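Right, one structure below, let's go through it.
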Amino acid sequence: MSFASLGLSAAILKAVEKQGYDTPSAIQEQAIPAVLEGKDVMAAAQTGTGKTAGFTLPLLELLSKGQRAKRGQVRALVLTPTRELAAQVAESVSTYGANLPLKSAVVFGGVSINPQITTLRNGVDILVATPGRLLDLCQQKALSFSQLEVLILDEADRMLDMGFIRDIKKVLAMLPKQRQNLMFSATFSDEIRELAKGLVNNPVEISVTPRNATANTVEQSVYAVDKSRKARILTKLIKENNWHQVLVFSRTKHGANRLAKNLDADGINAVAIHGNKSQGARTKALADFKAGKAQVMVATDIAARGIDIDQLPFVVNFDLPNVPEDYVHRIGRTGRAGATGLAVSLVSDEEVKLLHDIERLIKRTVERKVIEGYEACHDLPEASLKGGHRAANHKKPNPNRRKHANQADGQKQGQSTKQGQRPAPKGNSDKPSQRQRARARAEAENAQSDGNKKPQNRRQGRTDKSSSQGKVDPYANARR
Ligand code: AMP
């Protein structure tokens, strides 16, 4: 299958070719013809599947055939949950539409509203926006939707997660009834289906990834590590394997800052990106990272949402996410569109339950690895993928192993990390709602320190030490 056979015009095909894409991805193959036929689409596709081009290319094709936007009008509206995603979608619109006479704009909060008002006054064919700033602009009568032809909700599940449902409904109430609707979401939860009922008409349903699956192109591994040695182990992994363009996830903003400083002190150029940073600082950090000036970017989940970097080769979970679905989203930043990626998680004693929740969600056991000389006091028993933890005895620290580890740590060796035992966590029968999960995520990110410790897991058991540090070349299967 080629892009030309999908019914796109020469101007768009030329832009696609310039990007080096020769074969449409699965979502593109299905979404492009449906959108071109004017149908509503509901697509389950994660970041990394090529979904942005999946809706941008046919959108450009449709709009290039109609009347240009009149003053103050918008012909297509793309709503995204975050500023970063908005900026990236807008970049794709510019890239793929480079040979077309269409005007596009992007608006989001955290930057001055006046230039945005000026741009909108002239009319734009495609507007990419985050919901809050869009509503502010509507209140200021900066734009009108009476010429609107297409509405696109990108990462709809994230929008609900982040509490944008009321804003979305307000926007929907302002749009003309007669329009084409496209909705993209990583998953089709009940809440998403509920939202879709009032949004899409007789949609073509497309699903390119099974629910909560992780891409096969991502090599995943976990290391059991003592919490106090995580930073040192991360430095070691990065230096010894010569990793570049490493996206590291931290659970807290404070932790992200601290880790970036630590890496810098170890001679690894690192930037941090999180909600407490100004929009300018976030944009600069992302630009430095993309340009390779920063070897590592440390991010919190909310800040990293939707970040798209071509062929991002390495993702490290310095802290495991509290919400298992976030693991899927985090590692979805690597191994995209045919490239191979590596996702590494550092798992401390108190994160074992989180690892098991993740493994049950993705329905697979992640490969356990060990770094010689840096073995932890705890093991990572395999989770029963059917639910419930495998009962096992807590492993006693091996004094020889600790001695060995101390030697490897040299002068910087900190205190031993065996923490006092805490009550085992509640069973997972009372599954938290999406909103509760979103709140947990926001609270975790807002925590000023890592003091919000999870209850420690008491169940320990067998470890599968399958290999030592695996070195992979993430570009080995690089994109066509
Ligand atoms: P997305 O899922 O939209 O975030 O896209 C993921 C990445 O895949 C982006 O970096 C795109 O540039 C890239 N991409 C999109 N379509 C293709 C394609 N057909 N072939 C190769 N790469 C693609």
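Numbering of ligands and ligand atoms starts at 1, following listing order. Quick caveat, the model's predicted, so the values are computed rather than measured.
In the vicinity of Thr52, heavy-atom distances shorter than 4.0 Å reach the ligand 1 atoms 1 (P), 3 (O), 4 (O). Atoms of ligand 1 found under 4.0 Å from any heavy atom of Ser25, numbered from 1 in the order shown, are 19 (N). Within ligand 1, counting atoms from 1 as listed, the ones closer than 4.0 Å to a heavy atom of Thr23 are 18 (C), 19 (N), 20 (N). Below 4.0 Å from some heavy atom of Phe3 lie the following atoms of ligand 1, by number and element: 19 (N).
In this structure, the side chain of Asp125 does not engage the main chain of Ser104 through any donor-acceptor pair within 3.5 Å. Looking only at distances, a side-chain donor or acceptor of Lys239 sits under 3.5 Å from a matching main-chain atom of Asp266.
Residue Ala53 places no N or O, backbone or side chain, under 3.5 Å from any N or O of ligand 1.
More than 12 heavy atoms of other residues, nucleotides or ligands shown are found within 6.0 angstrom of CD on Glu205.
Taking the charged nitrogens against the carboxylate oxygens, Glu359 and Arg368 do have a contact shorter than 4.0 Å, which makes a salt bridge.
With a 4.0 Å heavy-atom cut-off, ligand 1 is reached by no atom of Gln88.
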- Query: Between Lys14 and Asn99, does a side chain to side chain donor-acceptor pair (under 3.5 Å) hold up when you go through it step by step?
  - Reply: CA-CA 8 Å; Lys14 205 169 137 196; Asn99 308 314; 4.7 Å; no
